[in-house]
Every structure is written in structure tokens, then in C-alpha cells.
Amino acid sequence: MISVQNLLQQLSGNKIYLILILFFAVSCGGTKETIRNQPNRTAKTKASTSKRAGDRKPAKRVGSKVDTVEWTEKDPINGSGNSSGEMNAIDELSPVHKKRSYNLTAFIPFDTRSMEGAQIADKSHPSSAYIHYYAGLKMGLAQLEQEGVNLQIKIKDSQAGSMTDKLKYSMQSDDAVIMATTELKQIKEAAKMAKEKEVSLISPLKATISINDNPYYLQLVPNANDHYYKMVEHATQRYDQKQIIVVGRNGNNTDKKRIKNFQKYNQTINGAGAATLHEYYVEEDSLLNGVFAFNNIFLQDKESIFIFPNRTSKDENYLRSCLRRLNVEKGFNKVIAYVMPIALNSDIISFDYYYNLNMRVVKSTYVNPTDFKVQQFKRDYYAIYSTLPMDEAFEAYDMIRFVGRSLDKHGTNFQFRTPRGEGDYLQTAFDIRQKIPVSYKGGNEYPPIQYFVNRNLDILEFDGAKFTTSK
């Protein structure tokens with residue numbers, strides 16, 4: 001049975017935003033627990049083989065843009081899923097410990113204390129996305145209860161009261177902690193405590209390379225260079241390396257370093273003898289004032305494959321200028337443009353470019369509107385809250401079901417034993433990998449784990465009407 005205070009009553013008049021008012025009313029104490037009494041029934045009993053050892057974009061926010069990935073250059077995940085030969089070492093590192101029920105706390109940045117009642121109900125407020133996140137989490141908990149997963153979960157506002165005090169309490173009493181926030185400082189503080197107490201910490205919305213040497217940290221968003229690696233892998237498996245052009249800005253040292261990494265990934269994927277990817281450094285002035293910015297680089301008899309690694313909101317104007325000039329200058333030549341999620345989330349990149357440039361977007365999440373399960377979720381969500389779900393609702397619905405099922409199947413510290421999450425997830429899959437230091441060369445000892453990360457990434461293609469997952 002799932003135990004969590006019912007903050008989401010059915011609302012009339014399309015007033016899902018009044019959910020936050022309800023939360024504000026019950027959470028004004030800052031650290032107040034939002035948990036009901038223990039349930040009367042339990043799920044099927046799981047045997048415990050030992051004591052517990054030591055006893056991971058939301059969509060754009062209204063009013064501001066939030067880069068949910070700390071886009072710092074770092075080698076992609078070089079670990080793998082757990083093979084049968086590794087399980088003995090894993091059991092020594094973190095013995096299996098299954099329980100009848102599991103305690104969790106989910107921190108969500110509602111920021112209730114900074115708002116007056118009228119502001120709470122304002123649909124334009126940045127917290128509106130987190131209201132939908134909470135609503136999706138609540139629906140996921142209901143699904144887990146139907147499956148017999150037994151969780152005791154508390155919901156706390158990460159922006160109200162002392163975060164340190166709340167974390168200390170949670171790390172003492174919980175089997176896992178969910179940090180559904182993009183505040184890096186809070187995540188790092190939680191990760192430090194999680195390592196000390198050997199408690200699983202899940203970061204579902206923020207990717208960072210700042211947390212290392214911490215096998216109790218599970219990040220559900222891939223890092224920047226995981227996206228780059230996927231770009232190179234997808235492109236080189238379908239096109240000759242000589243067709244591929246990686247674009248950077250002339251005189252930009254960051255772009256030069258990044259393109260150097262693209263060449264390294266190409267050799268890792270295709271062997272040391274792989275043909276070098278073509279590099280093209282555009283003059284930024286030519287994007288606005290020049291006659292040509294991409295002159296004489298289009299192939300005449302086959303597709304020209306362009307890769308644009310730009311990925312933050314700071315690069316948005318530059319990327320739009322590149323795509324605009326590429327669209328004009330290509331003429332009748334066929335081009336394919338690989339881009340990062342910023343191109344899909346942008347308000348200033350023209351919709352026409354998706355089709356004209358045959359854009360391929362590397363993305364860790366995607367909600368297929370034609371999928372029957374997605375349509376059913378939308379109907380159920382609307383029936384409860386009288387509004388359609390934002391992307392955050394899908395994210396939370398998948399996240400809590402993955403966490404709950406993993407705890408039920410693998411016990412505490414489930415990240416050590418969950419190489420891939422099976423289930424009917426709506427907007428992502430879960431391919432949990434170990435991050436192992438690049439310096440590790442193998443040996444008799446089990447490799448040191450830096451952290452765990454969901455490395456699932458898809459390539460989205462535009463078919464003229466909608467995006468679909470590339471096969």
C-alpha cells in the first residue's frame with residue numbers, strides 16, 4: 001500500500017493550480033511530514049539475505065529557461081550493465097536487503113513560502129510545472145499500489161525551511177531519497193549525506209558531472225557527452241564518415257575541444273582506423289552579414305550530414321542563425337542536421353527547419369502522442385484534474401514507478417542490480433550504467449564506481465507531421 005497524504009483532491013473548474021494552495025496549507029511548517037499512518041496490509045513478503053549495507057529538461061519553465069544538464073565536457077559513461085559474473089562482487093559491496101515496505105522522501109521545489117495565495121493559483125508561475133510533476137507522481141503511486149508495491153512516501157518542499165535539517169532526518173529514516181530539483185547545491189549536499197549513510201539518492205531532473213566517487217548516487221538524466229556519443233554512433237552507423245561534418249565556431253576554443261572529442265568517439269565506436277569526420281568552423285559574422293556561411297561544403301550526389309553540438313540557451317541564437325543559413329544555402333542538396341534538445345525546446349528556431357533540414361534530435365525523453373498508453377494516461381489525468389498533463393507529469397509518473405518497482409524487486413540500494421528497467425514506461429526507458437573512471441584499466445578487483453546514470457537516449461526524426469523515434 002502507498003502511504004502519502006492526499007494533497008491532490010479532484011478539483012472542479014479546471015483548477016489544478018489550486019493543488020499548490022492545498023500543499024501550501026499543509027506544509028507551512030517547512031519540515032512537517034506529509035505521511036499517513038502505516039498501512040494495514042502489506043505486499044508479498046520478500047526474504048532478506050542480510051542486513052542492509054552500512055546499518056538520477058523538465059520541460060522549459062514558464063517565465064525562465066532552466067538548463068537541467070550541467071553541460072560540462074566529460075567522457076561518456078564507460079561502464080556497462082551488470083553481468084552475471086559481476087554479481088558476486090556487487091553482493092559483497094552492497095548485500096541484498098529486501099523489506100516488506102520501503103520509506104522514501106521526495107523533495108520537490110514548490111517554493112510555497114515565497115508566494116501569496118493569488119500567486120499560487122497563477123498558471124504563469126514557474127512552480128506550475130512542479131505541480132504537474134507532483135500530480136504525475138501521485139498517479140504513479142496509485143499504479144504501484146495496484147501492483148502490490150508497498151511504499152511509505154513523504155513529499156517535502158525543497159524551498160521551504162532548512163534543507164540540511166530535512167535531509168538529515170530523511171537519511172536517517174529512509175531507504176531512498178528523491179531530489180526532484182535542479183538546484184545543484186542541494187543535490188550535492190544530499191549526495192554527500194547519502195554516501196555517508198549508504199542511502200540511494202535519485203536525481204531525476206538534473207544531470208551533473210560534479211558528483212563522483214559515490215555509488216549511492218543515481219542520475220536519471222544522461223550527461224552532455226553521452227548525448228554527443230549517441231550522435232556519433234547513430235550517424236556513423238548510417239552514413240559514411242566522409243559525409244559527416246561537425247560544425248563549430250571559428251576561434252572558439254570550447255568548440256575545438258568538443259570537436260576533438262567527437263573524433264575520439266568516432267574512433268572508439270568505429271575503430272582506430274576510422275576515417276576522420278570533416279570539421280567546419282563557421283565565421284559568426286558571415287551568419288549575419290556574409291553572402292555565404294556554408295559555401296562549397298555540400299555534397300552533390302549524397303546527403304551532407306551536419307552535427308551541431310550546441311546545447312545551452314546561451315547558444316540558441318547562434319544555432320538558429322546556423323540553421324537558417326543552412327536552410328537557405330543548401331539549395332536542392334539534401335542535408336541532415338543532428339542537434340541537441342535545445343533545438344526542439346527553443347521558441348526562436350523555426351518549425352520549418354525540422355522538416356527542411358531532416359533534423360535528428362538526440363533526447364533522453366519522448367512522449368509519443370499516438371501511443372495507446374500515453375493516450376490512456378492523458379484521459380485518466382484529465383478525469384482527475386480537469387486539465388491535460390505537462391511533460392513533467394509523464395516524467396514523474398515513470399520515475400516513481402521505476403523507483404518503486406526497483407525497490408520491490410531488488411531491495412535497498414537497487415541501483416547496483418538494475419541494469420535496465422522493464423515496464424510500460426511512457427516517455428523514457430531506463431538503462432542504468434555504472435560510471436567507472438577512465439583511468440581504470442581492469443584487474444582482479446571490482447572497478448570503483450563513480451556513480452550510476454540512466455544512459456537511455458533516442459534519436460528523434462521529423463516525418464513532416466510529428467517527431468518519431470528513429471529505428
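Start at 1 with the first residue, then count along the sequence. In what follows, every heavy atom counts, from backbone to side chain, and hydrogens, waters and symmetry copies are set aside.
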Peer 1: Does any part of the side chain of E316, heavy atoms only, come nearer than 4.5 Å to the side chain of R320, both counted from C-beta?
Peer 2: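 They are not in contact (no side-chain heavy atoms under 4.5 Å apart), so the answer is no.
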Peer 1: If you take all heavy atoms of E329 and F298, which pair is closest and at what distance?
Peer 2: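 In terms of heavy atoms, the two residues are closest at O-CE1, 3.6 Å.
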Peer 1: Pairs in or reaching into residues 246-256: which pass salt bridge (charged side-chain N to carboxylate O under 4.0 Å, His left out), with residues at least two apart or in two chains?
Peer 2: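 Sorted pair list: R249-D255, R249-D315, D255-R258.
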Peer 1: Keeping the roles fixed (side chain from D431, backbone from N454), state whether a donor-acceptor pair exists under 3.5 Å.
Peer 2: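 Between the backbone of N454 and the side chain of D431 there is no qualifying donor-acceptor contact (under 3.5 Å).
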Peer 1: Kindly assign one of parallel, tilted or perpendicular to the pair Y385 and Y381, based on the angle between their ring planes and the thresholds 30° and 60°.
Peer 2: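 The rings of Y385 and Y381 stand perpendicular, inter-plane angle above 60°.
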Peer 1: Are F110 and Y130 an aromatic pair by the rule of ring centers under 6.0 Å?
Peer 2: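 Aromatic pair excluded; centres sit 6.0 Å or further apart.
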Peer 1: For a 4.5 angstrom cut-off between non-hydrogen side-chain atoms, does Y366 reach V361?
Peer 2: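 Not touching, per the 4.5 Å side-chain cut-off.
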Peer 1: Is it true that atom NZ of K330 has more than 12 heavy atoms of other residues, nucleotides or ligands lying nearer than 6.0 Å?
Peer 2: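 For K330, atom NZ is crowded (more than 12 foreign heavy atoms under 6.0 Å).
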Peer 1: Is the shortest distance from a Lys or Arg side-chain nitrogen in K242 or D240 to a carboxylate oxygen in the other one below 4.0 Å?
Peer 2: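 Looking at D240 together with K242, the answer is no, because their closest N to O distance does not fall below 4.0 Å.
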Peer 1: For the pair R405 and D424, find out whether any cationic side-chain nitrogen is under 4.0 Å from an anionic carboxylate oxygen.
Peer 2: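 Counted as a salt bridge, because a side-chain N and a carboxylate O are separated by less than 4.0 Å.
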Peer 1: Which label fits F377 and F394: parallel for a plane angle under 30°, tilted from 30 to 60°, or perpendicular past 60°?
Peer 2: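 Correct class here is tilted.
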Peer 1: Is it true that Q263 and Q267 share a donor-acceptor pair across their side chains at a distance under 3.5 Å?
Peer 2: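 No donor-acceptor contact under 3.5 Å links the two side chains.
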Peer 1: With no hydrogens and no angle check, do the side chains of D398 and T428 hold a donor and an acceptor under 3.5 Å apart?
Peer 2: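 No donor-acceptor contact under 3.5 Å links the two side chains.
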Peer 1: Locate the shortest heavy-atom distance separating I297 from I245; write the atom from each residue and the value.
Peer 2: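 Minimum heavy-atom contact is O-CD1, 3.8 Å.
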Peer 1: Answer yes or no: is there a donor N or O on one side and an acceptor on the other, between the side chain of D408 and the main chain of G404, under 3.5 Å?
Peer 2: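 Answer holds: no.
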Peer 1: Indicate, with yes or no, if the rings of Y425 and F430 have centres closer together than 6.0 Å.
Peer 2: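 Yes, they do, as the ring centres are separated by less than 6.0 Å.
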Peer 1: If every non-hydrogen atom of H234 is compared with every non-hydrogen atom of S470, which pair is closest and at what distance?
Peer 2: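 Nearest pair, atom of H234 first, then S470: NE2-OG, 2.9 Å.
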Peer 1: Do you know which two heavy atoms are closest between A337 and L323, and how far apart they sit?
Peer 2: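 Shortest heavy-atom separation between A337 and L323 comes out as CB-CD2, 4.5 Å.
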Peer 1: Within the 4.5 Å heavy-atom criterion, are F294 and S304 side-chain neighbours or not?
Peer 2: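 No, too far: nothing below the 4.5 Å cut-off.
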Peer 1: Which heavy atom in P109 sits nearest to a heavy atom in A180, and how many Å separate them?
Peer 2: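 So the two residues come closest at CD-O, 2.9 Å.
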Peer 1: Quick one: closest heavy-atom pair of R325 and L288, and the distance?
Peer 2: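 Between these two residues, the closest heavy atoms are NH1-N, 4.3 Å.
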Peer 1: Without swapping roles, check the side chain of Q415 against the backbone of P215 for a donor-acceptor pair under 3.5 Å.
Peer 2: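 Confirmed, Q415 side chain pairs with P215 backbone.
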Peer 1: Evaluate the side chain to side chain donor-acceptor pair (under 3.5 Å) criterion for residues N289 and D285: first the C-alpha distance (whole Å), next the side-chain angles of each, then the deciding distance (0.1 Å), finally the verdict.
Peer 2: CA-CA 6 Å; N289 305 315; D285 288 344; 5.3 Å; no
Peer 1: Taking the six-membered ring for Trp, is the centroid-to-centroid distance between F306 and Y280 below 6.0 Å?
Peer 2: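 No, the ring of F306 stays outside the 6.0 Å limit from the ring of Y280, centre to centre.
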